[in-house]
Structure formats: structure tokens, C-alpha cells
Student: 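Have a look at this one.
Within every chain, numbering begins at 1; the chains are lettered A, B, ... in the order of the sequence lines, protein sequences first and strands thereafter. Bear in mind the structure is a predicted one, so any value in this text is a computation, not a measurement.
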There are 2 protein chains.
Amino acid sequence: MSVAETSNERAVQILDAAEQLLGEKGYDGVSIREVADVAGVNKALVFYYYKNKKGLFARVLERYYQAHQDALAEAFTKEEGPLRERIHRMIDAYLDFIGSHQHAPRLVQNLLSRGDPEQLLHIQAQMAGLFRWMEAALRDVTPAEGMLSARQFYCDFSGLVVNYFIFAPVLGGLWGEDPLSETALEERRQHLHWIVEALLDRLLGGAA
Amino acid sequence: MSVAETSNERAVQILDAAEQLLGEKGYDGVSIREVADVAGVNKALVFYYYKNKKGLFARVLERYYQAHQDALAEAFTKEEGPLRERIHRMIDAYLDFIGSHQHAPRLVQNLLSRGDPEQLLHIQAQMAGLFRWMEAALRDVTPAEGMLSARQFYCDFSGLVVNYFIFAPVLGGLWGEDPLSETALEERRQHLHWIVEALLDRLLGGAA
DNA sequence: GTCTATAGGCGGATAGAC
DNA sequence: GTCTATCCGCCTATAGAC
């Protein structure tokens, strides 16, 4: 039942197609027929492997969050070093991951915007790992409660990174430049590092 | 054709119902039948006033962005004062507006996540006013280009405020506290003001 | 495991009476 | 302006042959 056990070739093709389409057109905008066509398999086979539409996209979500968490955790934990540096590495990893999975944030936001209680619970369960982990990572810099607690900064990081990609398609027309071009992404990266410095300075008063 | 001219009573009822439902269930999750039922009118009347589904929700978007921009502009422009104070007032206005239109950000994100080119262009057109205005408001604090330009901070503010509300339904379960309660919202407000101070300090070096 | 065929329902949209 | 009645297409899901 777990993602790792979904090893059959066709089953993975279906999952890949579902993830791509879900990011592009949203849950209600994608039909099983479409998923099957893109995956190059028959429609009925999708039901055979994933029971129903919800089951299919639940798996997509699980696979995505697992990869996401792995990416951040590796960047933060891997090489030891001053906390400040590790946070910067985490930001880079976050940007890189979303940059190479640009449909991912759209996918999550779309599921959120549908307001299905069952799916909300599922997203919550998937996010929990990431959130607990981030809380632990920031334990030494932030107080346990109040307006400077880790949970506030979790919302911040998430919003600062994700929002940029979510709005990229419309921002392009306003800027006259593609927000997803290499140079634009590099500018955003520098901006985020600048912000991290500003926040840490105020939080730590210039100390490590 | 404009929003202001949509003065007929029934037409407004339909628009209200559409806005609410769109925020709750997303574009593809709402049927015209549902809108008509909530509005207390006949299904065919929706088509009479708004031609088709896209037309209906295009109007919803226009009305929302108009109100949004008005709210921010009033807070920023109204009372003169140091730029720093005006920015803080703008943050407050942003939070207050979204707080009293909580379905609004979900509505926009949902339309974004559908990837319909026609709707993307429409969102872009509606956002343009807000964006140009924000650029002008920050003209004295930010350079015209580069990683500290106004467009970067526009993404920041937008993400910091909007993301909190978008994820509120899932955050509640992780925190064991409702992120939309008065005390939680007040904590978020203080956090955002703290961030603004941190950013302005670094940007201006403690001046103005 | 993989396919064909089809059931059964709901959605957007229109025609036309009042 | 407002309603009733209805068309037509697409969607999820299942039955059953191979």
C-alpha cells in the first residue's frame, strides 16, 4: 500500500501522469481518461491500481511530500556547521526542490482550495512531518511560543518560497520578464538570503 | 458591463453566492445549479445575467480585486506620516481585509491552479493595478532593479499574508489552536510587524 | 494484468412559455 | 425578467472478456 511498494512499472507511469496533470489543471480539471492517455494505459487500469480518483491523487501527494521532506532534511542535516549557514542551505534546498518540481506547490494549493475535509486531513498528515522537523530545526533560535515562535517562521518560509512560484505565470506579464528564468530565479534566491540575514540579525542580535 | 453597473438585486445575490462558493469549493467544484440554489434564484437566470460560468466568476474576481486595492490604497494614502508608519498601516489593512474576506485568497489561488490561459490573463489584468500601486508606494525605499526591488517585496508581502490564511485549515490541526481565532490572528499581526521592522532596518539602516 | 463496453449521473447551456 | 423543460456531452466507476 505504501508509496515505496508501488513498484510496478505501469503503476508508476500512472502516478507520474497524475502528478503532472494535477499540477497543471487541478483535481477537478483532470479526468481519469486524461491521466490514462498521458500514461499510455487504459482507463480501467487506473482504477485497478488506485481504486478511485481520490486514492490516485492521495498517492501523488504522499510521494511528493516524502521527496520534499527528504530534500530539506538532507540539506539541513548533512554537513554540520553554524546554524546560520544551515538555514541558508535549507533555503537553497527549498528553492531548488520547488524549482525542479514547479507543479508541486500548485498541486497542494489546488487540493487545499477544494475544501474537501478528507483531503484536508490528508494534507495535514503529510505536512505534519515537515512542520515538526522545521520546529526542531529552529529550536535553538526561536522561543517556544509567541510571535517569534517557529510556527510563525514556518509560515513565512513556506509563503516566501511557494508564493513566488504560484504567481509566476501572472508575474511574468507584469514584469516583462520570465520569473522562472535562471537569472530571475537567482535574483529571488539572493533576495531570500538577504531576508534570512535580516531576520536572523534581529532575532540573534548579530550573534552566531 | 462593469461591476458598478451590476446593480440589479438578483444579479448581486448571484454574485455573492458565486463568490462564497468559489472560495469554498473552487471553480470546478461549484456548479451553476449550486450557485442558483444558494442565491435563491433559478438556474437559467444565472446565464441570463452572466452569459456563462466563466463570465460569472470573472465578475467575482473583478469585484474582489477592486475592493482589495481600495482597502490598501486608503490605508496607505489616507493619513500622511512617515513611510515606516504607512507601511505598517498597509500591513494592518491587508490583514484586516483578508481577515474579513477569508475566501478571497483561496478563490484566487484556485483560479491560478487551474491553468486556464484566459483566466490567467484576467487575473493578471486585475493584479496589475495592485502591483503598480505597490511599486509606487515603495519607490522611495527600494531600488528600481535587482534583488531589493519593489517587485520582490511585493511577492514577499503577498506571500506572508496570503499563505497564512490559505494554510489555516491544516495548521489548526498541527498547532492544536485555531489560526483564525482572534488571539492567533493578533500574534500573526505582531509577527508581521516585527518582520517589516527587520526588513526596513536592513534596507534603510535605521533611518526614516 | 489489461483491455472493451457500458451503465448511470451530473454539468453547462439553450429554447421557449409566461 | 423569470421560470420550466430538455438536450447533449463528459465523467467516474464497474462488469466482464481475454
Student: Between dC7(D) atom P and F47(B) atom CZ, what is the distance in whole Å?
Tutor: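 So the CZ-P distance, F47(B) to dC7(D), works out to 17 Å.
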Student: I need the CG-P distance between D28(B) and dG12(C), as an integer number of Å.
Tutor: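 Interatomic distance, CG of D28(B) to P of dG12(C): 9 Å.
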Student: In whole angstrom, what separates K25(B)'s NZ from dG11(C)'s C1'?
Tutor: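 After rounding, the reported distance stands at 13 Å.
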Student: Using a cut-off of less than 4.0 Å, is there contact between a side-chain N or O of S31(A) and OP1 or OP2 of dC11(D)?
Tutor: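 Affirmative; the distance criterion is met.
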Student: Using a heavy-atom cut-off of 4.0 Å across all strands, would you classify V46(A) as base, sugar-phosphate, or nothing?
Tutor: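 Since no nucleic acid heavy atom lies under 4.0 Å of V46(A), the category is nothing.
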Student: Can you tell me how far P of dC11(D) sits from CG of L21(A), to the nearest Å?
Tutor: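 Nearest whole value for this atom pair: 12 Å.
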Student: To the nearest angstrom, how far is L45(B) atom CG from dA13(C) atom C1'?
Tutor: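 Distance, rounded to whole Å: 14 Å.
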Student: Can you check whether R10(B) has a side-chain N or O nearer than 4.0 Å to OP1 or OP2 of dT2(D)?
Tutor: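 Answer yes for this pair, as a side-chain N or O of R10(B) is under 4.0 Å from OP1 or OP2.
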Student: Keeping the roles fixed (side chain from K54(A), backbone from E118(A)), state whether a donor-acceptor pair exists under 3.5 Å.
Tutor: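 Not at all, since once roles are kept as given, no pair shorter than 3.5 Å links the two residues.
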Student: To the nearest Å, how far apart are K51(A) NZ and dT12(D) C1'?
Tutor: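 Taking NZ of K51(A) and C1' of dT12(D), I get 14 Å after rounding.
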Student: Ring centroid separation for Y64(A) and H101(A), is it under 6.0 angstrom?
Tutor: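 No; H101(A) has its ring centre 6.0 Å or more from that of Y64(A).
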Student: Just to confirm, is there a sub-4.0 Å distance from OP1 or OP2 of dC3(D) to any side-chain nitrogen or oxygen of Y48(B)?
Tutor: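 No, because none of the side-chain N or O atoms of Y48(B) sits under 4.0 Å from OP1 or OP2 of dC3(D).
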Student: Side chain of K53(B), heavy atoms from C-beta onward: which of dG12(C), dG11(C), dA13(D) has the nearest atom to it?
Tutor: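 Comparing dG12(C), dG11(C), dA13(D) against the side chain of K53(B), the answer is dG12(C).
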Student: Any non-hydrogen side-chain atom of R33(B) less than 4.5 Å from a side-chain atom of D37(B)?
Tutor: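 In contact.
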Student: Base, sugar-phosphate or nothing for V30(A)? Non-hydrogen atoms, less than 4.0 Å.
Tutor: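 It contacts sugar-phosphate atoms only.
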Student: Just the rounded figure in Å: distance from P of dT14(C) to CD1 of I32(B).
Tutor: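 I32(B) atom CD1 is separated from dT14(C) atom P by 12 Å.
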Student: K43(A) has an atom NZ; how far is it from atom P of dA5(C), in whole Å?
Tutor: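 Taking NZ of K43(A) and P of dA5(C), I get 13 Å after rounding.
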Student: I want to confirm an ordering. Mapping N42(A) and E34(B) to their closest nucleotides on DNA chain C, which one lands closer to the 5' end?
Tutor: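 Of the two residues, N42(A) wins.
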Student: F153(B) and W194(A): aromatic ring centres closer than 6.0 Å?
Tutor: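 Yes, the ring of F153(B) comes within the 6.0 Å limit of the ring of W194(A), centre to centre.
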Student: Do Y94(A) and F157(A) have ring centres separated by under 6.0 Å?
Tutor: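 No - the distance between ring centres of Y94(A) and F157(A) does not fall below the 6.0 Å cut-off.
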